[in-house]
Number of protein chains: 2
Amino acid sequence: MSQQRHGVTPGNAPGDRAGAVPAFPDLPEATIARLPEYLRALHNLGDAAADTISSEGLAAAAGVNSAKLRKDLSHLGSYGTRGVGYDVTLLIEQIEYVLGLDQRRAVCLVGLGNLGHALAGYDGFASRGFKIVALFDADASKVGELIQGLEVRHIEDLGRVAVEENIAIGVIATPALAAQAVADVLVDAGVTSILNFAPCVLSVPANVDVRKVDLAIELQILSFHEHRKASLTALPGGRSAASAGNQEAVGS
Amino acid sequence: MSQQRHGVTPGNAPGDRAGAVPAFPDLPEATIARLPEYLRALHNLGDAAADTISSEGLAAAAGVNSAKLRKDLSHLGSYGTRGVGYDVTLLIEQIEYVLGLDQRRAVCLVGLGNLGHALAGYDGFASRGFKIVALFDADASKVGELIQGLEVRHIEDLGRVAVEENIAIGVIATPALAAQAVADVLVDAGVTSILNFAPCVLSVPANVDVRKVDLAIELQILSFHEHRKASLTALPGGRSAASAGNQEAVGS
DNA sequence: AGGCGCTTGTGAAGGCGTGCACAAATCGCG
DNA sequence: CGCGATTTGTGCACGCCTTCACAAGCGCCT
């Protein structure tokens with residue numbers, strides 16, 4: 001599910017390999033969403049395994065169909081060798097290049113409640129190449145607090161600092177009521193990507209990308225599936241606890 | 001994008017309204033994912049506005065196309081009145097019923113690091129009808145700690161407690177290496193829905209639903225769009241800061 | 001009572017994504 | 001040097017989802 005999308009108006013030459021410059025083959029959104037998963041799987045494998053991997057193997061590690069994986073990778077060029085597989089190092093490089101991970105992007109985090117605190121200290125960001133360079137909150141009592149070596153600043157400094165530090169990505173972890181105002185400030189400061197944890201819809205200009213993570217929505221979706229499963233009572237192979245271990249392939 | 005899905009094998013009578021019993025019109029996954037969003041919008045509106053709302057109005061509040069909203073709602077029956085709109089209260093009731101929110105579902109949370117702590121205290125869960133009834137961690141030094149009035153238990157009690165408390169949904173906020181083992185225990189204890197925050201693929205039986213939230217992946221997707229935007233330098237309406245305020249409709 | 005405006009519900013078309021199945025390509029071995 | 005085993009890259013068909021456009025239905029006003 002692509003989240004809030006926008007007109008892209010690309011129109012590049014189709015067949016040119018991504019040399020080292022602009023010019024993007026416009027990738028399907030679904031593919032883009034899976035590339036980070038492939039990348040993670042590659043890093044896990046790269047630690048221990050051989051220097052080449054088949055589409056079947058990588059697909060299993062990433063939890064997808066091998067045909068899908070091949071098609072995804074084919075969109076960014078031919079970086080595999082028939083009869084052999086994909087060069088792990090080269091593939092990592094390519095995916096990181098396409099995702100733009102070779103360039104450090106400055107991230108700021110707004111809202112340091114429970115969730116914001118956790119995000120500020122989340123290992124996953126740093127270990128995947130993102131660095132939070134500034135923290136903001138509206139609560140004066142939080143300003144000045146040190147979190148992971150970063151000082152919390154007042155939100156009124158957000159606009160200025162965002163410009164100074166050339167921040168590209170803003171993370172909103174404020175209450176819903178404050179989120180739109182924060183987004184407006186971020187946009188004015190030139191931020192063009194927003195990750196929104198507040199449970200609300202954000203209005204932004206068309207050139208700004210917004211992705212939303214709503215924890216409660218995820219639970220509600222699971223709740224639906226629970227409800228559905230519960231309404232199918234009389235079924236073979238019901239609810240008896242399966243024997244230990246994981247005996248199942250990872251569905252599509 | 002539906003996450004890890006599984007064969008459903010439904011086959012219900014198509015035209016029957018959801019009276020008060022089982023029998024589900026199998027909703028499209030995409031629709032299910034949007035229902036919580038509609039529900040939130042309805043709650044926001046219900047506080048202040050009239051007791052009826054048009055598809056156009058609700059669609060705007062939820063950030064979607066009005067045609068899509070009507071089709072989504074039509075899947076769960078005709079709860080609107082032509083020429084008038086949807087009865088807010090009735091619609092809320094219906095969506096909550098379909099999502100199974102009228103029944104409290106017990107949730108447990110495993111892993112009380114940074115993220116787990118935040119999730120344990122997250123208002124959004126309680127306010128949307130979910131109640132975390134148990135906390136678990138493998139770290140003995142965390143066991144016994146009180147968080148939001150709940151005592152952290154050792155993970156070896158997970159299986160027993162999950163059965164006792166009839167827990168339906170498990171939230172995994174452990175490091176990636178521990179996640180699969182935790183999932184196995186949850187599954188053995190009869191948990192049939194898992195929300196996974198660990199950056200890894202989980203293997204579970206086909207009757208268990210898994211949804212995954214990976215914060216780093218969200219950032220990487222945004223990073224791609226940043227990269228793409230940056231590679232389209234020479235464009236009209238470039239990067240000059242827009243004037244204050246939000247001047248844009250919320251794209252599809 | 002009749003007509004008019006408004007809004008829902010839906011048929012149909014188009015686009016996107018998935019997965020199969022196979023041709024093309026590469027390696028290794030005899 | 002040729003052959004077979006292996007694996008990538010992709011043409012094609014199918015199904016899901018989105019979007020448009022419009023008929024059907026409802027309430028209100030005259």
Side-chain angles (χ1 to χ4, degrees), chain A residues 1-8 10 14-15 17 25-35 37-38 50-60 62-88 90-91 94 249-252, chain B residues 1-8 10 14-15 17 25-35 37-38 50-60 62-88 90-91 94 249-252:
Chain A
M1 114 209 17
S2 76
Q3 318 227 161
Q4 291 181 263
R5 281 295 314 289
H6 311 293
V8 180
R17 304 168 76 257
D26 55 325
L27 304 178
E29 197 71 18
T31 295
I32 298 163
R34 282 187 295 266
L35 287 181
E37 200 78 47
Y38 302 155
D51 53 348
T52 176
I53 178 116
S54 72
S55 66
E56 200 88 26
L58 183 53
V64 301
N65 185 303
S66 71
K68 196 188 312 197
L69 179 133
R70 285 199 299 277
K71 186 152 290 187
D72 282 342
L73 294 187
S74 78
H75 282 132
L76 25 119
S78 278
Y79 294 106
T81 308
R82 300 181 186 215
V84 178
Y86 296 93
D87 182 295
V88 173
L90 178 60
L91 194 51
Q94 269 305 315
V250 185
S252 96
Chain B
M1 114 206 20
S2 72
Q3 318 224 165
Q4 290 180 264
R5 280 298 311 290
H6 311 292
V8 181
R17 302 169 75 260
D26 56 326
L27 305 178
E29 197 71 17
T31 295
I32 297 163
R34 282 187 295 265
L35 287 181
E37 199 78 47
Y38 302 155
D51 53 349
T52 177
I53 178 113
S54 72
S55 66
E56 199 88 27
L58 182 53
V64 301
N65 185 302
S66 72
K68 194 186 316 197
L69 180 133
R70 285 198 300 277
K71 183 149 289 189
D72 281 343
L73 293 187
S74 77
H75 283 133
L76 27 117
S78 278
Y79 295 106
T81 308
R82 299 179 187 223
V84 178
Y86 297 92
D87 181 298
V88 173
L90 178 62
L91 194 52
Q94 270 305 314
V250 184
S252 93

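Everything numeric in this text was worked out from a predicted model, so none of it was measured. Quick note on labels: first sequence line is chain A, next is B, and so on, each numbered from 1.
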>> Using whole Å, what does the distance between atom P of nucleotide D:dC16 and atom CG of B:Leu27 come to?
In response: 14 Å

> Quick one: are A:Leu35 and A:Leu27 in side-chain contact, heavy atoms under 4.5 Å?
Replying inline: yes

>> Without decimals, in angstroms, what is the distance between A:Glu56 CD and D:dT6 C1'?
In response: 12 Å

> Tell me: CG of B:Asn65 to P of C:dT8, nearest whole Å?
Replying inline: 13 Å

> For A:Thr31, which residues count as a side-chain hydrogen bond (donor to acceptor under 3.5 Å, both in side chains) partner, sequence neighbours excluded?
Replying inline: A:Asp72

>> So which atom in B:Asp87 and which in B:Leu90 form the shortest heavy-atom distance, rounded to 0.1 Å?
In response: OD1-N, 2.8 Å

>> Are the side chains of A:Arg34 and A:Val64 in contact, using a 4.5 Å heavy-atom criterion?
In response: yes

> Taking all atoms of both residues into account, what is the closest heavy-atom pair of B:Leu58 and B:Ile53, and its distance?
Replying inline: N-CG1, 3.7 Å

> How does protein reach along nucleotides 21-30 of chain C, written 5' to 3' as B (base within reach of a heavy atom under 4.0 Å), S (only sugar-phosphate), or - (no contact)?
Replying inline: B--BBBS---

Under 3.5 Å, which protein N or O atoms sit close to an N or O of nucleotides 13-17 of chain C? Give each pair with its distance.
none

> Can you check the B:Asp26 CG to D:dC17 C1' distance for me, whole Å?
Replying inline: 15 Å

> Tell me, which stems hold DNA chain D, with a stem being 3 or more Watson-Crick or G-U pairs in a row and both distances under 3.5 Å?
Replying inline: C:1-30 with D:1-30

> Of all heavy-atom pairs between A:Ser66 and A:Ala59, which one has the smallest distance, and what is that distance?
Replying inline: CA-CB, 3.5 Å

>> Applying salt bridge (Lys or Arg N to Asp or Glu O under 4.0 Å), can you list everything that pairs with B:Arg70, at least two apart in sequence or on another chain?
In response: none

> Under 4.5 Å between any side-chain heavy atoms of A:Tyr79 and A:Leu73, yes or no?
Replying inline: no

> Expressed in angstrom and rounded to an integer, what is the separation of B:His75 atom NE2 from C:dT10 atom P?
Replying inline: 9 Å

Listing time: all N or O pairs from protein to nucleotides 12-14 of chain D that are below 3.5 Å?
residue, atom, partner, partner atom, Å
D:dC12, N4, A:Lys71, NZ, 3.3

> Rounding to a whole Å, what distance do you find between B:Ile32:CD1 and D:dC16:P?
Replying inline: 13 Å

>> How many whole angstroms separate atom CG of A:Leu58 from atom P of D:dG9?
In response: 12 Å

>> Side chain of B:Ser78, heavy atoms from C-beta onward: which of D:dT7, C:dT8, C:dG9 has the nearest atom to it?
In response: C:dG9

> Does OP1 or OP2 of D:dG9 have a side-chain N or O of A:Tyr86 closer than 4.0 Å?
Replying inline: yes

> Atom CG of A:Asp72 and atom C1' of D:dT10: how far apart are they, to the nearest Å?
Replying inline: 13 Å

>> Using every non-hydrogen atom in the two residues, find where B:Tyr86 and B:Gly80 come nearest and quote the distance to one decimal.
In response: CD2-CA, 3.4 Å

>> Using OP1 and OP2 only, check whether a side-chain N or O of A:Ser55 sits under 4.0 Å from D:dT7.
In response: no

